[in-house]
There are 2 protein chains.
Amino acid sequence: MTIERATLHEVAAAAGVSLASASRALTGGSASVAMVQKVRRAARRVGYVPDATARSLRLGGTRQVLFAVDDIGNLNYVAMLRAIEREFADTGIRLSVTTTGRDVEQTVALVQSMNMGVGDALIISPLRVSPSLRRALSELIVPVVVIGSLQGNVPVDMVRVDSGHAVQLAVEHLQSLGRRRIGFVNGPLNTNPGVSRRHGYLAAMEAAGIAVDGCFMEIATDFTIKAGRAAGQRILDRCGEMGLDAIVGGNDLLAVGIINACLAAGLRVPHDIAVTGVDDTEYAASYNPSITTVSLQSAERGRLAAQLLLARFEDPTRPPETATVMPSLVARSSTQSGDVNVD
Amino acid sequence: MTIERATLHEVAAAAGVSLASASRALTGGSASVAMVQKVRRAARRVGYVPDATARSLRLGGTRQVLFAVDDIGNLNYVAMLRAIEREFADTGIRLSVTTTGRDVEQTVALVQSMNMGVGDALIISPLRVSPSLRRALSELIVPVVVIGSLQGNVPVDMVRVDSGHAVQLAVEHLQSLGRRRIGFVNGPLNTNPGVSRRHGYLAAMEAAGIAVDGCFMEIATDFTIKAGRAAGQRILDRCGEMGLDAIVGGNDLLAVGIINACLAAGLRVPHDIAVTGVDDTEYAASYNPSITTVSLQSAERGRLAAQLLLARFEDPTRPPETATVMPSLVARSSTQSGDVNVD
DNA sequence: TTGAAAGCGGTACCAT
DNA sequence: ATGGTACCGCTTTCAA
């Protein structure tokens, strides 16, 4: 029961060798078999555990990468996380997740803290991007990969997906099914996805030659189930009698909330009203009815982000690269009558 | 566009003062107003950012706490996480999450790495507990709080809940509703929750004087939706014709999977068969039908864990404490016909 | 108040 | 192959 941790000094002393030899014997430098044995034994005897902080200081780098997301309660980010972890599996890199939450300035603070050497690199998927965040990101000394878009041209590696196009696919799918009065429950407009998904909705409606009734659009206070339900209730109250026959949710969480609201209002999904989501998380696949959604390839985006980072570790001078993935529709029961939980 | 970070040395040089003075001026030691001004200005000029690693080495501690969970895709853990974050909000502690995953030895490795000073403390909620994990935990030099149970008597702070009793509550609820042939889809038996929930089920059935038909019990390969669906299918195939009128799921994820299986089999929930979960995550509340579940007070457990840790930071010598919370039933639509999504 | 210097725990270069 | 030592960047005695 050691209460104080032993240092390498003590190991060296216990083994009767020099500090340098002890270090080499343990980390695998040139050392004789006898030396290695002696030191190893001594290390075990005194209960030696190397100090990560000291090592990091000397080596100039923690072997830690941070993954920052707004809401880890969103399975979308969990999918990214898992993919990143897999990619880092044999690299000796420790991935740790931090949630940044609603406040952009909190995110900015996190990004800035990276320059203090809290981690060797950052993978970040920000919902809201402010000028201050853009600045913080461009002032970053450590490598960073952004999953999402940044608006300005910050010279960093990025992984993108056109989520506006994703909404467009959803709308077109609904139209092809004969739905005409298609509402849209979006997430907050002060987020990047909120803005681009709005564009997608408007573009699709316009392309179909359908006049967009402003009251068919509703904005949830957040990309969450709860907010989706509240917003769903509002849009139903406001234009339920106007023949609304479909609602596009800004993401899967919103879609779940919207369906909640529909069911509570006595509407059948999809018979009376069709609902779609975006993200293709497990929520969508396992809900009742299973939810038609548009995959944003979260796992693939996570994988690409990790690879981009690894490539930059290899060659820090390579020019910033942007990888892009394509959204793809996943049709399920919330838009087409048919089997429940087709998967 | 600084490519190299400036050190305190350079700040001192730029300000024409000593290293010591620069340090004091920046961190708030005794320094004259003029000195502070001079140094601050110099720091800004050279773009100085303190190095967290060096500071940690000198101060003997990163201000970082690790939260380790098996599956961050389970909202149960997300609830704990949020509560912990809230508790740490004003403490200057950075919380970072690491997922340990299926393999116990991976968890053991993580725990051991704590002794290398990767973090100042650990909050861990392990699903599977092996002797090696128990040993690793008791050999830990840094403070640790375990959310869950450990079996042996490892002298660490703990937050517990009797999840066996939770299942018991679920079974009793079903019985009070007139259900008699109650099946149980459990998680893996090599997990602590799996074992205690099994006891809970058996105890409740016995207390009701109902002979437990072994074939009414099924074990999912994991506490996930997918595994729940597969296990649900199995139990339905095996004894659907035996008048099964309720299934208790080992947790909410399993319950969702079970309902998926029931619906796919053409069964109506709760009319033909009632289903319950455990954890009271948002899944349960927002599913269709809303799922009756037993709250394990995850948020409260997270809060308690954080407080226990804070208390130990205050007084490292205090005896290990175990906080306990009580499970409580949350009745919803998956067991009682009635409104959809009563919440 | 200020400066010089001793570490915090390792790693790696330099001779030997 | 081994030992001596400088040093990673910062904080904190100790004197002046």
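So that the names make sense, note that chain A is the first sequence line, chain B the second, and so on, each numbered from 1. Reckoned from all heavy atoms, side chains included, excluding hydrogens, waters and symmetry mates. From a predicted model like this one, the values you see are computed outputs, not experimental measurements.
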Query - Shortest non-hydrogen contact between Leu133(A) and Pro126(A), atoms and distance - result: CD2-CB, 4.0 Å

Query raised in the report: Are more than 12 heavy atoms from other residues, nucleotides or ligands located less than 6.0 Å from atom CZ of Arg318(B)?
Result: yes

Atom pairs, protein N/O to nucleotides 9-11 of chain C N/O, distance under 3.5 Å:
residue, atom, partner, partner atom, Å
dG9(C), N2, Ala54(A), O, 3.4
dG10(C), OP1, Tyr48(A), OH, 3.2
dG10(C), OP1, Asp51(A), N, 3.3
dG10(C), OP2, Leu8(A), N, 2.6
dG10(C), O5', Tyr48(A), OH, 3.1
dG10(C), N2, Arg58(A), NH1, 3.3
dT11(C), OP1, Arg55(A), NE, 2.8
dT11(C), OP1, Arg55(A), NH2, 3.3
dT11(C), OP2, Ser23(A), OG, 3.0
dT11(C), O2, Arg58(A), NH1, 2.5

Query raised in the report: Is the CZ atom of Arg40(A) crowded by more than 12 outside heavy atoms at less than 6.0 Å?
Result: no

**Report entry** CG/Asp315(A): more than 12 non-hydrogen atoms of other groups inside 6.0 Å
**Finding:** yes

Requested in this report: Please list, chain by chain and in numerical order, all residues satisfying side chain to side chain donor-acceptor pair (under 3.5 Å) with Thr324(B), sequence neighbours excluded.
Outcome: none

Query raised in the report: Testing Ile147(B), Val159(B), Leu304(B) for side-chain contact (heavy atoms from CB on, under 4.5 Å) with Met80(B), which one passes?
Result: Ile147(B)

Query raised in the report: Atom CG of Leu137(A) and atom CE of Met114(A): how far apart are they, to the nearest 0.5 Å?
Result: 10.5 Å

Query - Members of residues 30-42 of chain A that approach DNA chain D, where some heavy atom sits under 4.0 Å away - result: Ser30(A), Ala31(A), Ser32(A), Met35(A)

Requested in this report: Tell me whether the OP1 or OP2 atom of dG3(C) has a side-chain N or O from Ser21(B) closer than 4.0 Å.
Outcome: yes

Report task. Side-chain contact test, heavy atoms from C-beta onward, threshold under 4.5 Å: evaluate it for Arg134(A) versus Leu150(A) and give yes or no. Result -> yes

